Every structure is written in structure tokens, then in C-alpha cells.
Amino acid sequence: MAEEYIVIEGYVEHIRFRNEENGYTVFHFETKNDDITCIGNFTFISEGQYLELTGYEFDNKQYNEIQFQVKAYEEKQVDDMVGMERYLGSGAIKGIGPNLAKKIVKKFKLDTFRIIEEEPERLVEIKGISERIAISVATQFMELKDMRDAMIYLGKYQIPNNYAVRIYNTYGDELYQIINENPYRLVDDITGIGFRTADEIARRVGIAADSRFRIRSGLLYSISQSAAWGHVYLPEDVFISETARILNMEVTNPLLRESVDELIMDRKLIARQVGEEIRMYSPPLYYSELKVARRLLELSKVYEQEGVLQEEGREQEVLNRLSGMEKRLSISLDELQRTAVLETIEHGVTIITGGPGTGKTTIINAIIHFFEEEGLELMLAAPTGRAAKRMKETTGQEAKTIHRLLEITGEPSDESHFKFDKNRENPLETDVVIVDEASMIDISLMHALLDAIMEGTRLVLVGDVNQLPSVGAGNVLQDLIASKAFATVRLNHIYRQEEGSRIVENAHKINAGEEVPLDNKSKDFFLCLEVRHRQ
């Protein structure tokens with residue numbers, strides 16, 4: 001039996017869920033008579049938007065509620081009465097909520113605002129409004145006249161009230177010119193408004209698709225999106241083609257290249273040539289990468305100049321102490337593990353890398369005990385809470401997340417740059433910093449960590465480049481190893497292997513490009529084939 005389609009009209013009150021990939025959205029919809037949960041696929045949708053929806057109601061047994069399945073939708077212009085009602089009920093005027101706002105507009109219709117301005121005493125004709133409330137409403141109404149006009153103006157372009165208030169507070173009377181000429185300024189100036197939202201506003205206003213303002217904003221959006229996908233930079237050709245896709249333009253459009261040049265001149269983009277390739281950066285990530293490289297070299301050079309183990313007999317003395325420590329801790333370091341400890345003594349920056357079961361934790365413990373016997377202070381950290389907890393359990397030492405170590409104070413200001421109390425002016429007071437699971441450190445967090453490490457402090461980075469990468473931009477550990485600029489020890493001998501388990505062994509085989517046995521004789525490593533039949 002075919003579903004009976006009906007048409008409803010109202011406001012998007014609250015978006016409960018949205019999948020940005022396919023546009024599937026679940027939202028609360030406010031009509032004149034009811035509120036209902038709607039589901040459907042939408043190219044663009046925002047809270048406060050006024051829509052006409054075509055679809056049908058159905059009983060969603062999973063959530064035990066009647067929902068509305070949207071099959072088609074159309075944006076509707078808000079008439080003046082609806083705009084008046086939403087303004088009065090928005091909370092801008094104390095003492096007037098949605099219910100009273102509805103009663104006032106129903107009573108006075110298009111004359112509502114004139115009544116409030118010129119004959120406020122007539123508001124007492126509405127049940128629930130006293131003379132005191134009427135005077136208060138009229139007073140506030142006159143004080144908020146400019147905001148009211150702005151809210152109604154912005155409402156014509158389906159801009160939600162919460163954004164409209166912020167736009168008015170930011171621009172004042174200048175907002176009319178900005179919205180009409182360059183609504184993409186909202187992206188830079190209003191928290192919460194991104195390129196997609198500004199682009200939709202621009203479309204409604206009638207801004208041309210090839211507007212320079214749109215192209216510039218699209219380019220900046222493209223570079224910020226690449227950072228969200230983990231890239232510190234994009235090759236210029238990739239950058240141009242991706243922006244063209246976002247803007248739905250031809251990649252050969254000369255305005256794209258011209259706008260790139262303008263943004264470079266304005267220092268909103270940075271271009272650097274490496275060999276034959278031109279790389280495009282956002283300034284925050286470019287300078288983070290630059291400062292990370294410079295700071296690591298500064299930390300490394302201190303000990304390279306001193307040559308700690310070059311003194312006569314010093315290396316043998318250290319080896320003897322390591323042998324004694326192995327006996328006390330009941331551990332046995334092989335030649336490569338012993339080399340790793342020696343490298344941390346000799347260098348300001350040391351990288352220890354290896355796959356699962358290769359003894360990284362054993363080396364960390366050996367480093368800790370050696371430096372403690374030297375009377376040095378150590379700090380242990382990891383990128384995540386889980387990794388820090390595991391580090392504490394395996395070493396018996398206090399370990400923190402890098403964010404806690406640096407004493408985080410707030411949300412990111414730009415490009416994932418968090419604010420920390422620990423920095424160059426207020427550095428970490430320690431002699432050695434050991435960071436485990438270093439493959440998960442992104443470029444911004446590495447920049448913050450190095451900014452808080454004093455010259456003369458040793459930094460030891462431990463991790464497996466084949467494990468979890470960073471969520472943010474950058475592939476720091478792998479790039480540092482590839483640079484060959486810092487002391488690096490690669491561990492390849494497997495020590496930790498549960499009896500009957502092939503996970504660790506096969507992980508190393510996969511990384512080496514070797515064939516993995518799929519005979520399903522292991523208790524925890526097996527091949528499972530799922531056969532799906534097409535309907």
C-alpha cells in the first residue's frame with residue numbers, strides 16, 4: 001500500500017543528527033500546530049530554516065515515536081507575521097516567550113510592531129500581560145529596535161536567530177553591507193559559521209558563483225579541510241583541483257590562480273617550492289612545522305657539541321653501570337637495546353622505533369633507571385590517556401597525557417592550536433622528557449611540547465610508525481626518522497609473543513611485505529570471508 005503524502009510547513013527547531021557525507025538528517029520540526037521529528041536527506045539545512053516538507057508520517061518503533069519521512073522539500077520565504085512572532089518569542093525581550101508572542105501576533109497581526117511602539121497599553125488586551133509587563137516590553141522593544149530590524153532582515157535569508165544575534169553584535173549597522181557584498185566575512189568573524197553556511201547565505205542573497213570573495217573563501221576552506229584530513233600542506237595542483245571541486249568550478253578558471261596569488265600576497269596562504277613541487281600551507285601549520293624543525297635541531301646540538309661519551313673511559317663506565325642495572329632489575333638488554341640507552345645519553349634528541357614486542361618498554365625502563373641514578377629528573381608523557389595509563393603501569397612512574405603535562409587551559413584558537421600554561425616563558429622543569437606512542441603526535445602538539453622544553457633537556461621519542469597515526473595534521477615521527485637528522489634506533493627483534501599467537505609475528509611480516517599464513521591454525525589470527533549475494 002502506497003504511503004499518503006502530505007505537506008507541512010514550519011521551522012527547523014533543532015538538528016539532532018546529520019551525516020555530512022550523504023546529507024541524512026534527523027531534526028525537530030516546529031509547525032503551527034505541532035512539533036514532529038523529521039528524517040530525510042538534505043543538501044543544506046540549518047536550525048531556524050523555514051521549510052515546506054512533503055512526505056508521510058510513520059511509526060518508528062525503535063524510538064517509539066511518530067516521525068515524518070521527508071521525500072521533498074522547499075525553502076519558503078518567511079512572511080512578516082511569522083518573522084514578528086519568531087522575533088518576539090526568541091528571548092530578545094524578557095517577559096515574552098513563544099506562547100505570548102503567538103498570542104500577540106494573532107491579536108494584532110501586521111500591526112503588531114506599531115502597537116508595541118505607539119500604543120503599548122493595548123498589550124494588556126492579551127491574557128497574561130499586565131500593565132507592568134506591557135511597559136517593560138515597550139521599553140525593551142524601543143531599545144532593541146536596531147537589533148529587531150536586523151533580525152527580521154537576516155531572517156529573510158533563513159539565518160537562524162542564534163547566528164543573527166552574533167552577526168548583529170559583531171557588525172552592528174554594517175551587517176547590511178556585509179551580507180549583501182561579502183557574506184564570506186562571517187567565516188572569519190563569527191564563531192560557528194563555516195564556509196558551507198556562508199556559501200548558502202551568499203547563494204540566497206544572490207552573490208555570483210564566481211565572486212572573488214567566494215573563491216578566496218573556498219580556497220581557505222579547502223586548505224583547512226586538508227588539515228582536518230591530516231595534511232600539513234597540499235601540492236599546488238591538488239589544492240587547485242580540490243578547491244574547484246568544492247566550488248563546482250572548472251579547474252582552468254583563471255580566477256582560481258589569481259585568488260591564490262592574492263591570498264599569498266595577503267599572507268593568508270604560504271607557498272614554498274621544494275624541488276619541482278610547489279606546496280601550499282596555511283600559515284599556522286607552516287610556522288609550526290618550521291619551529292618544530294628549528295627547536296629539535298637546537299635541542300640536539302647541545303649534546304652533539306659536548307660529546308658526552310667521548311671522554312676517555314666514559315663509555316665503558318656507562319656500559320658497566322648498565323650491566324649492574326640489568327642485574328638489579330632482572331632484565332637483559334641485547335646489543336641494540338643497549339645502543340638505544342647509550343644514544344639517549346649521548347644526544348639531546350633520540351628516537352626509538354620498532355614494531356610490537358620489540359622491547360620498547362624495556363628500553364624506557366632502562367633509560368628511566370639510568371637517569372634516576374644520575375640524579376636527573378624525568379617526565380613521562382603520551383598523546384592519549386590510554387597510552388599514558390599503560391606507560392604508568394609498565395614503568396611504575398607517573399605518566400601524563402601531553403596536554404596535561406603542558407597544563408591545557410582552553411579549546412583550540414586556530415588550526416588545532418590549544419592554549420597551554422607551559423610554554424617558553426613557563427617551561428617544564430625537568431632534565432629528561434620521554435614520550436611514548438609518539439606516532440600519534442601531530443605537528444601542532446609537537447610544536448607546543450617543544451615550546452615548553454628548555455635547552456639542555458633531553459627528549460626521547462618512542463613509537464611505531466606503523467601504528468596509529470595522529471588525528472591532527474602531520475606525520476611527525478615518520479618524518480623525523482626519514483630526515484636522518486636525529487639519533488634513531490630501529491628495533492627489529494621480537495621479544496614479546498604470547499604462546500600460540502601470531503598477531504605480533506604477522507604484523508612484522510606484513511610490514512616487511514612477506515607472505516602471511518592464512519591456515520587458521522592460530523588461536524587469534526585467522527581469515528574470515530563474508531559472502532554477500534546481490535538482491
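Values in this document were obtained by computation on a predicted structure and should not be read as measured data.
- Atoms OG1 and CD, on Thr37 and Glu57 in that order, are 11.0 Å from each other to the nearest 0.5 Å.
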Decide yes or no on ring pair (Phe, Tyr, Trp, His ring centres under 6.0 Å) for Tyr176 and Tyr153, but give the supporting numbers first. CA-CA 8 Å; Tyr176 301 98; Tyr153 168 77; 4.8 Å; yes
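- In this structure, Glu398 does not pair ionically with Lys400, as no charged nitrogen and carboxylate oxygen lie closer than 4.0 Å.
- Using modelled atom types, one side-chain atom of Thr395 and one backbone atom of Met391 make a donor-acceptor pair closer than 3.5 Å.
- Ring-centre distance between Phe113 and Phe141: below the 6.0 Å cut-off.
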Passes side-chain contact (heavy atoms from CB on, under 4.5 Å), Ser241 versus Val251? Steps please. CA-CA 6 Å; Ser241 62; Val251 72; 4.1 Å; yes
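- Classification of Arg16 and Glu65 as a salt-bridged pair holds, one side-chain N sitting under 4.0 Å from a carboxylate O.
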Indicate every side-chain donor-acceptor pair of residues 428-436 with a distance under 3.5 Å to a residue at least two apart or in another chain.
| from | atom 1 | to | atom 2 | distance (Å) |
| --- | --- | --- | --- | --- |
| Thr430 | OG1 | Glu377 | O | 2.9 |
| Thr430 | OG1 | Val432 | O | 3.3 |
| Asp431 | OD2 | Glu377 | N | 2.8 |

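- Without hydrogens or angle criteria, Thr457 side chain to Ile453 main chain gives no donor-acceptor distance under 3.5 Å.
- One finds the CG atom of Leu477 at 8.5 Å from the CG atom of Asp464 (value rounded to the nearest 0.5 Å).
- Counting non-hydrogen atoms of neighbouring residues, nucleotides and ligands closer than 6.0 angstrom, the CG atom of Asn248 reaches no more than 12 such neighbours.
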Verdict with reasoning, Leu88 to Lys102, per side-chain contact (heavy atoms from CB on, under 4.5 Å): CA-CA 8 Å; Leu88 290 175; Lys102 185 176 293 186; over 6 Å; no
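- A distance-only check finds a donor-acceptor pair linking the side chain of Arg18 to the backbone of Phe42 [under 3.5 Å].
- Minimum interatomic distance between Leu256 and Glu250 (heavy atoms only, all atoms of both residues): CD1-O, 3.6 Å.
- Put simply, the side chain of Phe195 does not reach to within 4.5 Å of the side chain of Leu220, judged on heavy atoms.
- Using modelled atom types, one side-chain atom of Thr139 and one backbone atom of Ile135 make a donor-acceptor pair closer than 3.5 Å.
- The shortest side-chain heavy-atom distance between Glu117 and Met142 falls under the 4.5 Å cut-off.
- We find that Arg185 and Glu174 are joined by a salt bridge, their nearest charged nitrogen and carboxylate oxygen being less than 4.0 Å apart.
- Here NZ of Lys103 is found 6.5 Å from CG of Asn99. Values are rounded to the nearest 0.5 Å.
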Begin from the C-alpha positions of Glu4 and Tyr56 and carry the test side-chain contact (heavy atoms from CB on, under 4.5 Å) through to its verdict. CA-CA 6 Å; Glu4 183 179 351; Tyr56 58 86; over 6 Å; no
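- For Glu121, the CD atom is densely surrounded, since the number of other residues' heavy atoms within 6.0 Å is greater than 12.
- Within the 4.5 Å cutoff, side-chain heavy atoms of Val462 are placed close to those of Val460.
- Ile207 is not listed as a side-chain neighbour of Glu181, based on a closest heavy-atom distance of 4.5 Å or more.
- The minimum heavy-atom distance linking Ile190 with Arg166 is given by the pair CD1-O, 3.8 Å.
- Ring geometry, Tyr281 versus Tyr286: the interplanar angle exceeds 60°, so the pair is classed perpendicular (tilted spans 30 to 60°).
- Scanning both residues, Ala381 and Leu405, for their nearest heavy atoms gives CB-CD2, 3.9 Å.
- Between Ile36 and Ile66, the shortest heavy-atom distance links the atoms CG1-O, 3.9 Å.
- A salt bridge links Glu262 with Arg212: the closest approach of a Lys/Arg side-chain nitrogen to an acidic carboxylate oxygen falls below 4.0 angstrom.
- Closest approach of Pro120 to Ala134, counting heavy atoms only: O-CB, 3.6 Å.
- Annotation: side chain of Glu13 is not in contact with side chain of Phe29 (no heavy-atom distance under 4.5 Å).
- Side chain of Asp111 to main chain of Arg114: no donor-acceptor pair is present (N/O by atom type, distance under 3.5 Å, no hydrogens or angles).
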What verdict does the salt bridge (charged side-chain N to carboxylate O under 4.0 Å, His left out) test give for Glu125 and Lys107, after you've listed the backbone C-alpha separation in whole Å, the side-chain angles of each residue and the deciding distance to 0.1 Å? CA-CA 9 Å; Glu125 298 174 20; Lys107 171 73 175 175; 3.6 Å; yes
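- A salt bridge does not link Glu393 to Arg390: none of the charged side-chain nitrogens sits closer than 4.0 Å to a carboxylate oxygen.
- Checking side-chain atoms of Thr54 against main-chain N and O of Val7 turns up no donor-acceptor pair under 3.5 Å.
- Using a 4.5 Å heavy-atom threshold, the side chains of Ile96 and Ile93 count as touching.
- Shown are Leu234, Val238, Leu285; of these, the side chain to side chain contact (heavy atoms under 4.5 Å, CB included) with Ser226 is made only by Leu234.
- Using a cut-off of 4.0 Å between Lys/Arg side-chain N and Asp/Glu carboxylate O, Glu289 and Arg272 are scored as not salt-bridged.
- Considering all non-hydrogen atoms of both residues, Met454 and Leu299 come closest at O-CD2, 3.6 Å.
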Quick one: do Ile39 and Phe17 satisfy side-chain contact (heavy atoms from CB on, under 4.5 Å)? Show the steps, please. CA-CA 9 Å; Ile39 63 173; Phe17 170 80; over 6 Å; no
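- Ring pair Phe420/His403 is tilted by interplanar angle, where 30° to 60° counts as tilted.
- Residue Phe213 holds its CZ atom at 10.5 Å from OH of Tyr184, rounded to the nearest 0.5 Å.
- The CD atom of Gln478 sits 4.5 Å away from the CG atom of Asn475 when rounded to the nearest 0.5 Å.
- The side-chain heavy atoms of Leu186 and Tyr171, taken from C-beta on, include a pair separated by under 4.5 Å.
- At a threshold of 4.5 Å between non-hydrogen side-chain atoms, the residues Val260 and Met280 count as touching.
- Side-chain atoms of Arg204 come within 3.5 Å of backbone N or O of Tyr157 as a donor-acceptor pair.
- From Glu242, atom CD reaches atom CD1 of Ile223 across 10.0 Å, with rounding to the nearest 0.5 Å.
- At distances below 3.5 Å, not a single donor-acceptor pair connects side-chain atoms of Ser136 with backbone N or O atoms of Ile133.
- Counting only distance, with no hydrogens or angles, the side chain of Asp442 and the backbone of Ala473 share no donor-acceptor pair below 3.5 Å.
- With salt bridges taken as basic N to acidic carboxylate O contacts below 4.0 Å, one links Asp199 and Arg214.
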Which is it for Asp237 and Arg257 under the salt bridge (charged side-chain N to carboxylate O under 4.0 Å, His left out) test, yes or no, and what are the steps along the way? CA-CA 10 Å; Asp237 289 344; Arg257 298 277 176 175; 3.3 Å; yes
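- Listed for the Glu9 side chain is no donor-acceptor partner under 3.5 Å among the backbone atoms of Leu53.
- We find that Arg216 and Asp266 are joined by a salt bridge, their nearest charged nitrogen and carboxylate oxygen being less than 4.0 Å apart.
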